[in-house]
Amino acid sequence: MKLSRRMILLGAGSLPFATASLRTAAFAQTASAAPGNEVPPVLFVHGNGDYDALWMTTLWRMESNGIARDRMMAINFTDPNARSDDKVEQANRSSTEDQRRELTAAIAELKRRTGAARVALVGSSRGGYAIRNVIKNGGAGDVSHAVLCGTPNHGVFATDDQPNNEFNGRGTFLRGLNEGESEVTPGVAFLTLRSDGMDKYAQADGRFIGKPGTPTGVTNEGPELKGATNLVLGALDHREVAFHPRAFREIYKFIAGREPARIAIVPEASIKLSGLVTGTPGGVSTNRPVAGATVDIFRVDPDTGERKDGAVYSAQTGADGRWGPAQVEPSWALEFVLTSPDAPTTHIYRSPFPRSSDVVHLRAARPLAAADKDAGAVVIMSRPRGYFGLPRDVVLFDGKEPADVKPGVPTDSAATLRLPISEVGRNIVAQFGEERIVARAWPAAENRIAIAELTY
């Protein structure tokens with residue numbers, strides 16, 4: 001593997017830190033006493049189709065190292081999906097200019113809130129495009145650090161067609177960002193984090209963009225930038241290079257100028273959860289609020305998924321789509337029930353929350369599809385902060401490796417189990433590494449879907 005002069009090759013182990021070991025070690029610890037004002041305020045920027053909730057575990061780790069929550073912010077782009085053609089309006093999708101404008105406003109808000117002259121920006125995937133766009137076009141004076149995690153800086157593909165697709169390395173947008181001998185803006189410290197061959201959007205073959213056997217014109221080194229510090233995080237996947245504990249270490253170290261005091265999340269004694277209900281108008285995921293949705297939260301038995309008593313929280317969203325705060329205990333496994341207009345009733349099972357969060361966002365499951373018509377129950381295992389890598393990871397769904405997860409380069413963040421009517425009501429175990437969630441199979445005939453959503 002060719003290494004650039006400033007690149008550091010890190011270890012290739014990839015199993016995530018387990019929730020059990022995190023919490024067992026952390027209960028005997030206290031939060032770092034390092035003064036938070038030594039570190040610039042940090043603004044986290046999500047990727048294509050995503051939302052700010054993906055930064056939840058990163059925010060917890062930052063807090064566990066003494067960074068005050070009010071000195072951090074995570075943007076929620078209104079329409080997180082890119083247009084097919086950046087110059088042509090597309091319903092519920094955003095242009096590069098839309099994202100530049102929204103990020104500029106978020107930077108101004110974080111500066112206003114903290115009184116800081118400059119902020120640090122951390123972006124996952126497409127979020128790095130918005131960061132670079134802001135910095136290159138007048139925003140460099142507002143930014144101290146830019147950390148780009150898995151950002152396809154030289155494109156997901158680099159071809160002469162689709163010149164207005166922002167993911168085209170030869171297209172108008174990326175050629176503009178990459179022009180010149182240095183690909184970074186002077187005065188801002190740049191760090192890129194990438195995978196060593198396990199990023200599905202940094203592949204020489206086009207099989208992951210629907211063109212197997214066709215060269216993409218990019219390589220594993222596509223996320224690197226001339227003039228930046230470029231680090232390789234081993235066999236982490238496209239999302240893990242932003243959200244994995246090892247990514248956190250590099251993000252913190254680069255911005256703070258020192259090693260984090262701990263990687264483990266320090267639990268809180270009292271937990272408050274709140275978030276936003278969003279929807280998928282026209283089948284496109286957005287971060288637009290959904291009014292009139294009902295959120296019910298139940299404490300469940302971690303071994304069976306069965307509810308313990310009635311709802312510990314119940315409310316309906318208003319025009320802002322917000323729910324909460326809900327008071328829970330850090331030892332409770334939870335079931336969130338989302339009843340949202342024109343969507344299946346969605347039962348979301350989650351591991352215990354070690355700390356409070358205001359980004360516990362809920363989005364209803366997709367409508368039951370033709371493939372589900374004969375199923376008695378549909379259960380989904382979801383990993384928002386990474387993909388399932390086989391044989392890299394321990395991935396078990398109802399006691400077996402999921403058949404719809406492809407081996408090799410990790411490409412799938414969800415697996416689906418369809419059960420016969422005779423198995424409605426039984427428990428289903430979803431296991432990734434050492435995180436284990438037990439869900440219940442709800443009847444599809446009642447337009448219900450269950451999701452075991454992994455946190456780590």
Side-chain angles (χ1 to χ4, degrees), residues 18-24 26-27 53 56-57 59-60 63 265-277 293-317 321-340 343-365 377-385 396-398 417 423-443 446 448-456:
T19 61
S21 59
L22 273 172
R23 292 176 188 143
T24 301
F27 271 114
M56 180 188 299
T57 55
L59 292 167
W60 286 340
E63 292 169 7
I265 296 165
V266 177
E268 293 177 311
S270 179
I271 310 296
K272 288 185 177 180
L273 305 177
S274 59
L276 178 70
V277 174
T294 300
V295 176
D296 298 295
I297 303 177
F298 296 87
R299 180 187 178 191
V300 298
D301 186 307
D303 294 318
T304 66
E306 293 181 2
R307 294 174 182 173
K308 295 188 173 184
D309 303 320
V312 298
Y313 174 86
S314 184
Q316 190 172 72
T317 59
R322 299 288 308 184
W323 65 269
Q327 186 82 40
V328 303
E329 296 294 325
S331 61
W332 290 358
L334 298 174
E335 175 195 354
F336 296 79
V337 183
L338 175 61
T339 307
S340 191
T345 298
T346 307
H347 301 259
I348 304 168
Y349 293 83
R350 295 288 299 265
S351 296
F353 286 75
R355 297 183 67 88
S356 297
S357 178
D358 60 359
V359 291
V360 187
H361 298 338
L362 304 174
R363 187 180 284 159
V378 177
V379 184
I380 297 169
M381 178 182 183
S382 173
R383 188 181 179 225
R385 294 170 187 84
L396 296 172
F397 196 19
D398 199 27
L417 190 66
E423 296 189 46
V424 168
R426 78 172 175 89
N427 61 1
I428 304 294
V429 178
Q431 180 141 355
F432 178 84
E434 293 182 23
E435 184 174 9
R436 181 179 185 272
I437 299 174
V438 180
R440 304 290 292 179
W442 291 83
E446 296 179 5
R448 297 175 183 268
I449 292 181
I451 301 176
E453 182 178 321
L454 296 153
T455 298
Y456 302 95

Notebook entry, point to check: Would Leu273 and Trp323 satisfy side chain to side chain contact (heavy atoms under 4.5 Å, CB included), going step by step from the backbone distance to the final call?
Noted result: CA-CA 9 Å; Leu273 305 177; Trp323 65 269; 4.0 Å; yes
Notebook entry, point to check: What do the steps show when you test Val328 against Arg299 for side chain to side chain contact (heavy atoms under 4.5 Å, CB included), and what is the final call?
Noted result: CA-CA 8 Å; Val328 303; Arg299 180 187 178 191; over 6 Å; no
Checklist line | CA sep, side-chain torsions, deciding dist, call: Val429, Leu396, side chain to side chain contact (heavy atoms under 4.5 Å, CB included) | finding: CA-CA 8 Å; Val429 178; Leu396 296 172; over 6 Å; no
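The distance from the CD atom of Glu306 to the CZ atom of Phe298 is 13.5 Å, given to the nearest 0.5 Å. Rounded to the nearest 0.5 angstrom, Asp398 CG and Ile428 CD1 are separated by 4.0 Å. In this structure, CD in Glu335 is found 13.5 Å from NZ in Lys308, a value given to the nearest 0.5 Å. Separating the CH2 atom in Trp332 from the OG atom in Ser351 is a distance of 16.0 Å, to the nearest 0.5 Å. Between atom CG of residue Leu362 and atom OG1 of residue Thr339 there is a gap of 11.0 Å, rounded to the nearest 0.5 Å. Taking OH of Tyr313 as the start and CG of Leu334 as the end, the distance is 13.5 Å to the nearest 0.5 Å.
Listed by chain and number, the residues in a side-chain hydrogen bond (donor to acceptor under 3.5 Å, both in side chains) with Arg440 amount to none (sequence neighbours excluded). Take Asp296 and apply the salt bridge (charged side-chain N to carboxylate O under 4.0 Å, His left out) test, not counting sequence neighbours, and it matches no residue.
Smallest separation of non-hydrogen atoms from Pro352 and Pro330: CB-O, 3.2 Å. Shortest non-hydrogen contact noted between Val277 and Ala293 is CG1-CB, 3.9 Å. When all heavy atoms of Ala441 and Ala377 are compared, the pair lying nearest together is CB-CB, 3.8 Å. For the residue pair Gln431 and Met381, the shortest heavy atom distance occurs at O-CE, 3.3 Å. In plain terms, the two heavy atoms of Glu329 and Ala269 that are nearest each other are OE1-O, 4.2 Å. In this structure, Asn427 and Thr304 approach most closely via the heavy-atom pair CB-O, 3.3 Å.
Under the 3.5 Å distance criterion, the side-chain polar atoms of Arg322 are matched with a main-chain donor or acceptor of Gly275. A distance-only check finds a donor-acceptor pair linking the side chain of Arg355 to the backbone of Val266 [under 3.5 Å]. Counting only distance, with no hydrogens or angles, the side chain of Trp60 and the backbone of Ser356 share a donor-acceptor pair below 3.5 Å. Checked by atom type and distance alone, the side chain of Arg383 pairs as donor or acceptor with a backbone atom of Tyr456 at under 3.5 Å.
Evaluated for a side chain to side chain contact (heavy atoms under 4.5 Å, CB included) with Val337, the options Ile297, Thr346, Thr345 yield exactly one hit, Thr345.
Arg307 is not listed as a side-chain neighbour of Val312, based on a closest heavy-atom distance of 4.5 Å or more. The shortest side-chain heavy-atom distance between Ile437 and Leu454 falls under the 4.5 Å cut-off.
Ring geometry for Phe353 versus Phe336: interplanar angle over 60°, hence perpendicular rather than tilted (30 to 60°).
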